[in-house]
Amino acid sequence: MTSWAAILKKVLGNYSKACFNRNSDSLLLTAEVFQHSLLDWYDCHGRKDLPWQSKPANAYAIWVSEIMLQQTQVSVVIPYFQRFMTRFPTVQALASASLDRVLEHWAGLGYYARARNLHKTAQIINTDYAGQFPAQLDVLCRLPGIGRSTAAAILSMAFSQRHAILDGNVKRVLARFYGIQGWPGKASVSKQLWQLSDDLTPPNRVADYTQAIMDLGATLCTRRNPECTACPVASACVARITKRIEELPTPRKQQAIPVKHCYMAVLLNSKSDVYLQKRAASGIWGGLWSLPEHADKNSVIEWFQQRLVDKTSLKWLPVRKHTFSHFHLHFQPVLAQSGQPHTISEFAQSGWFKPDQSQPAMPAPIQKLLSDIL
DNA sequence: AATGCGGGGTT
DNA sequence: AACCCAGCATT
C-alpha cells in the first residue's frame, strides 16, 4: 500500500483531476503530468545556451560534448570543449588528425580511452558512413565509446528521435521520484530505472525533454541539498514525501582503496629538456607521455647509471600523492642532470621535450610536477 | 556481475 | 578524506 501510484494519487492535488479522469492508466497519466511539468519548468529555467547547443542541432558537437561529459562536470568540460572544437571543427578534421594531437587536447580531462575511442569513431564515421552520423540506436551503440545512454542522448538531441537516456542525473531523479532503493550500478536496479526512463520519455519535444531532465538533476535534484522547493515534480516525489532524499539513490558499497608506490625519473639534458616516454595504449594514462616509471629504488638507480648519471648526484624529491578512483598513487620524483645526450633506444617511444610547453599530452599530476620543479 | 579507467570539485 | 560527476569497455 506504499506503492508509488497510491502515494501519488494522495498528494497530486495541484495537478488537474481531469488528467486522472481522462485516462485510467495511472502510469501513462503520470508520464504525461511529469513531462508537462518538467517541460514547463525547462522553458523557464533550463539551460539553452551551452556551447554545444545550437539551432539547428550539430550532431558532431553534441557527440563530442556527450563523450567529454561522461563522469565529468559541465563547468570542467566547457573550456576543453571550446578548444577541441576550434582545433577539430568537424568529424573530418578529427578523423584526419593524429591520435597524439587529439590526446593533447584531452590532457587533463582524464579517462583517456574516451579520446582514443572518439578518434577511432570519427574515422569509422568518415569512412564507413560518408561522414554522416548513423541515426539508428543499435548502429550508434556499436561505435567505440558510445553506449546506450550516449547513443540515446545523441539521437534525441540531434535528431529528435524518441529514446530514453539513463545518465547519473536521470538515475538520481528517477531513484528519488519513484523511491527506488539499491545501488543503480546493480543490474536489477539499472533495469528498473531504464524501464521508468523509457516510460517517461515523451514522443514530442524529446530533445527538450532530454536536456530538461538532465538539467533538473544537475541544477535542482543534486546529490546533496536538492532544491525541492523549486522542483516542478516535487509534489509527487516519493523520496521527498517519505523523507528519503538524502538516502537515494543508494550509494555503492565503498571498499578501502589501495596505495601504490613508485618512482618517477626526471632526467634533464644539458639544454634542460626533460626525457619522456610514451605510455602503453591501455591502462592508466594510456597513450600519454610521462616520466619513466620504476617500481623500486634499485631500478631507478640502475636506470640512471645506464645513462651515465652517478648515484650520488641523484636528487630525491619529496613524495607526491595522486588519487585515482580506484587507488592512491604515491610517487617519488628522482631528479638528475645528464652530461651526455641520451642515445639508448627504448621499447616505448621516447624523447626530449621542453617542459614549459603544452606538448606532448601529459597526465595532469606529471604536468604539475614539472611545472613545480623546472 | 564486477572491475578498470582521471581529474576536478564539494563538503 | 570521502564522495560525487551527462558511462563505457572488458573480463
Side-chain angles (χ1 to χ4, degrees), chain A residues 46-47 50-53 61-81 103 106-118 120-121 140-154 156-157 164-173 182-191 193-194 197 210-219 221-226 246 249-260 279-288 290 321-329 361-368:
Chain A
R47 297 179 292 191
L50 292 167
W52 43 89
Q53 295 177 318
I62 290 170
W63 168 51
V64 171
S65 75
E66 283 301 322
I67 303 303
M68 286 189 171
L69 287 162
Q70 289 169 4
Q71 304 296 99
T72 311
Q73 294 178 352
V74 169
S75 60
V76 176
V77 162
I78 286 176
Y80 281 90
F81 178 83
L103 283 170
W106 204 274
L109 257 188
Y111 285 125
Y112 299 96
R114 294 184 295 173
R116 295 196 302 272
N117 287 333
L118 194 71
K120 179 69 180 169
T121 288
L140 265 189
C141 281
R142 275 186 240 119
L143 296 172
I146 300 180
R148 179 174 171 188
S149 189
T150 297
I154 294 169
S156 66
M157 295 197 287
I165 63 166
L166 191 65
D167 61 14
N169 285 317
V170 178
K171 286 174 187 169
R172 188 170 54 256
V173 168
W183 176 51
K186 194 175 157 66
S188 61
V189 179
S190 175
K191 189 178 174 185
L193 293 172
W194 270 111
S197 181
T210 297
Q211 188 63 49
I213 196 164
M214 289 193 291
D215 282 0
L216 183 71
T219 64
C221 195
T222 48
R223 185 66 186 90
R224 273 184 294 263
N225 304 321
E246 294 297 332
T250 309
R252 80 175 298 170
K253 201 177 72 175
Q254 204 64 27
Q255 49 194 352
I257 62 177
V259 181
K260 296 188 180 181
R279 296 181 61 94
S282 63
I284 289 280
W285 300 334
L288 274 65
S290 187
K321 301 176 180 179
H322 181 74
T323 299
F324 295 90
S325 51
H326 49 306
F327 64 91
H328 299 289
L329 179 66
M362 275 183 277
I366 302 301
Q367 183 85 264
K368 176 83 163 60

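Note: hydrogens, waters and symmetry copies are ignored here, and every other heavy atom, side chains too, is used. In what follows, every chain begins at residue 1, and chains take the letters A, B, ... in the order their sequences are listed. What you see is a predicted model, and the numbers here were worked out from it, not measured in a lab.
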With a non-hydrogen cut-off below 4.0 angstrom, is [X] in contact with a base, only sugar-phosphate, or nothing?
X: A:Arg47; result: base
X: A:Ala364; result: sugar-phosphate
X: A:Gly283; result: sugar-phosphate
X: A:Gln367; result: nothing
X: A:Leu50; result: base
X: A:Leu109; result: base
X: A:Val74; result: base
X: A:Trp52; result: base
X: A:Ser325; result: base
X: A:Ile67; result: nothing

Atom pair distance, as rounded to whole Å: [atom1] in [X] and [atom2] in [N]:
X: A:Leu288; N: B:dG6; atom1: CG; atom2: C1'; result: 10 Å
X: A:Lys260; N: B:dC5; atom1: NZ; atom2: P; result: 7 Å
X: A:Gln255; N: B:dT3; atom1: CD; atom2: C1'; result: 9 Å
X: A:Met362; N: B:dG6; atom1: CE; atom2: P; result: 16 Å
X: A:Tyr111; N: B:dG8; atom1: OH; atom2: C1'; result: 12 Å
X: A:Ile257; N: B:dT3; atom1: CD1; atom2: P; result: 14 Å
X: A:Phe81; N: B:dG8; atom1: CZ; atom2: C1'; result: 19 Å
X: A:Ile78; N: B:dG9; atom1: CD1; atom2: P; result: 13 Å

Footprint ends on DNA chain C, 5' to 3', for atoms under 4.0 angstrom from a heavy atom of chain A, come out as C:dC3 to C:dA9
Does one side chain, of A:Arg114 or A:Thr72, offer a donor that lies under 3.5 Å from an acceptor on the other? yes
With DNA chain B as reference, determine whether A:Tyr80 or A:Gly185 sits nearer its 5' end, using the nearest nucleotide of each. A:Gly185
Comparing nearest nucleotides in DNA chain B, the 5'-proximal residue of the pair A:Gln73, A:Ala187 is A:Ala187
Between A:Trp52 and A:Phe81, what is the ring plane arrangement, given parallel below 30°, perpendicular above 60°, and tilted in between? perpendicular
Under 3.5 Å, is there any donor-acceptor pair linking the side chain of A:Thr72 to the base of B:dG6? yes
Take atom [atom1] in [N] and the same atom in [M], then report the distance between them in whole Å.
N: B:dC5; M: C:dA6; atom1: P; result: 23 Å
N: B:dG6; M: C:dT11; atom1: P; result: 16 Å
N: B:dG8; M: C:dC8; atom1: P; result: 22 Å

What I'd like to find out is whether the side chain of A:Leu166 reaches to under 4.5 Å of the side chain of A:Ser190, using heavy atoms alone. yes
Starting at [atom1] of [X], measure out to [atom2] of [Y] and round the result to the nearest 0.5 Å.
X: A:Asn117; Y: A:Tyr111; atom1: CG; atom2: OH; answer: 14.0 Å
X: A:Arg172; Y: A:Thr222; atom1: CZ; atom2: OG1; answer: 6.5 Å
X: A:Ile146; Y: A:Glu66; atom1: CD1; atom2: CD; answer: 10.0 Å
X: A:Thr250; Y: A:Lys186; atom1: OG1; atom2: NZ; answer: 11.0 Å
X: A:Ile165; Y: A:Met214; atom1: CD1; atom2: CE; answer: 4.5 Å
X: A:Ile67; Y: A:Ile62; atom1: CD1; atom2: CD1; answer: 12.5 Å

Heavy-atom nearest nucleotide on DNA chain C for A:Pro251 versus A:Ser149: which residue maps closer to 5'? A:Pro251
Please figure out whether A:Asn117 or A:Gln53 has its closest DNA chain C nucleotide nearer the 5' end. A:Gln53
Hey, does the side chain of A:His326 come within less than 4.0 Å of B:dC5's phosphate (OP1/OP2), counting only N and O? yes
Strictly below 4.0 Å: does A:Tyr112 bring a side-chain N or O up to OP1 or OP2 of B:dG7? yes
